[in-house]
Amino acid sequence: MKISMTSPIVSVEWLHENLEADNLIVLDGTINKIFDTSQNQIPNARFFDIKKKFSEANAPFPSTFPSQDQFEKEARVLGINKNSAIVVYDDKGIYSSARVWWLFKAFGYHNIAVLNGGFPAWKKADYETESMKKYTGKSGDFEANYNQEYMIFFDDVKNVSKNKTHHIIDARSEGRFRSLEPEPREGLRMGNIPNSVNLPFTDLLDNGKLRSKETINKTLKELANKEDNIVFSCGSGITACVLALGASISGYENISVYDGSWTEWGSLVNE
């Protein structure tokens with residue numbers, strides 16, 4: 001049995017029912033996770049190492065967008081094929097899994113969905129887990145095809161901010177956006193990108209799960225219309241993808257993620 005994804009999210013019940021599908025690959029996209037066999041995972045999950053394998057490791061800012069060649073190579077190492085159906089989860093509910101989903105879309109691959117509620121929801125449903133293990137199977141034949149509409153970078157955002165051609169929506173907490181609390185990255189100044197507005201990514205979630213499509217749609221509609229161009233930003237390009245996930249579910253299409261986000265902007269712009 002082969003499957004394909006018809007929605008950007010799937011439930012733990014759906015995953016449990018389809019876990020034996022021939023072309024299914026489950027990815028653990030938990031960020032800052034270290035391989036450790038004492039930790040548990042969904043059966044046969046493969047660890048998608050955002051920081052070390054799927055980011056440009058030598059870049060000055062964290063989680064920097066990788067090259068097409070790097071992404072393709074590392075995806076093949078995980079045994080991902082051109083016909084794979086991918087479900088990605090993380091250990092917080094929905095957090096870094098959305099970044100993994102967005103990376104695949106940026107490299108032209110759409111047969112992927114985020115597990116709604118992630119590993120916490122899987123465990124709460126009392127489904128089987130296993131000790132974390134490394135993937136040692138065959139290499140895949142995955143092909144990456146970079147689509148530049150999905151990720152934008154510093155010079156793009158400078159133009160967007162100055163000319164107000166896009167809505168810039170910042171996924172950080174209100175305290176960070178309004179300079180009421182310090183940035184977690186040491187030495188990084190507080191502030192926000194000029195002409196940006198704030199929508200904390202947590203506003204789209206309820207106990208680690210996405211809120212209803214109707215609720216998300218209502219929340220986003222207060223900030224932008226579906227035909228508008230939108231740039232999502234955050235601290236380092238991770239939680240902006242949660243907003244991109246919610247927007248995609250709500251039918252927004254003209255959306256991009258600012259890869260460097262506030263870490264880059266706050267480091268390069270001093271006003």
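Sequential numbering from 1 along the given sequence is applied to the chain's residues.
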According to a 4.5 Å side-chain heavy-atom criterion applied to Ile, Leu, Val, Met, Phe, Trp and Tyr, with indirect links allowed, do Leu210 and Tyr252 form part of one hydrophobic cluster? yes
So [Y] and [X], do their side chains get closer than 4.5 Å, heavy atoms only?
{"X": "Tyr135", "Y": "Val77", "answer": "no"}
{"X": "Phe154", "Y": "Leu268", "answer": "yes"}
{"X": "Tyr127", "Y": "Ile42", "answer": "no"}
{"X": "Tyr146", "Y": "Phe65", "answer": "yes"}
{"X": "Trp262", "Y": "Arg189", "answer": "yes"}

Residues [X] and [Y]: side-chain donor-acceptor under 3.5 angstrom:
{"X": "Asp90", "Y": "Ser97", "result": "yes"}
{"X": "Ser67", "Y": "Asp69", "result": "no"}
{"X": "Glu264", "Y": "Tyr258", "result": "yes"}

Check: [Y] main-chain N/O paired with [X] side-chain donor or acceptor under 3.5 Å:
{"X": "Trp122", "Y": "Glu128", "result": "yes"}
{"X": "Asn163", "Y": "Val160", "result": "no"}
{"X": "Ser96", "Y": "Gly29", "result": "yes"}
{"X": "Gln70", "Y": "Lys53", "result": "yes"}
{"X": "Asp170", "Y": "Asn198", "result": "no"}
{"X": "Asn116", "Y": "Lys209", "result": "no"}
{"X": "Thr219", "Y": "Thr215", "result": "yes"}
{"X": "Arg46", "Y": "Leu78", "result": "yes"}

Is [X] salt-bridged to [Y], going by a charged N under 4.0 Å from an acidic O?
{"X": "Arg76", "Y": "Glu72", "result": "yes"}
{"X": "Asp91", "Y": "Lys33", "result": "no"}
{"X": "Glu253", "Y": "Lys226", "result": "no"}
{"X": "Asp259", "Y": "Arg99", "result": "yes"}

Using ring pair (Phe, Tyr, Trp, His ring centres under 6.0 Å) as the criterion, list what pairs up with Tyr150, not counting sequence neighbours. Trp102
Using the ring of Phe177 (Phe, Tyr or Trp, six-membered ring only), decide whether Arg172 places NZ or CZ under 6.0 Å from its centre and within 45 degrees of its axis. no
Determine, for Phe47 and Lys134, whether the Lys NZ or Arg CZ falls below 6.0 Å from the six-membered ring centre while staying within 45 degrees of the axis. no
Counting only heavy atoms not in [X], do more than 12 fall under 6.0 Å of its [atom1]?
{"X": "Lys124", "atom1": "NZ", "answer": "no"}
{"X": "Glu20", "atom1": "CD", "answer": "no"}
{"X": "Asn207", "atom1": "CG", "answer": "no"}
{"X": "Glu149", "atom1": "CD", "answer": "no"}

Salt bridge (Lys or Arg N to Asp or Glu O under 4.0 Å) filter on Glu143, not counting sequence neighbours, yields Lys82
Show your reasoning for whether ring pair (Phe, Tyr, Trp, His ring centres under 6.0 Å) applies to Phe142 and Tyr109. CA-CA 9 Å; Phe142 176 83; Tyr109 201 78; 5.3 Å; yes
Give the table of side-chain donor-acceptor pairs shorter than 3.5 Å for residues 232-249, with sequence neighbours excluded, one pair per line with atom names and distance.
from	atom 1	to	atom 2	distance (Å)
Ser233	OG	Ser261	OG	3.4
Ser248	OG	Ala244	O	2.9

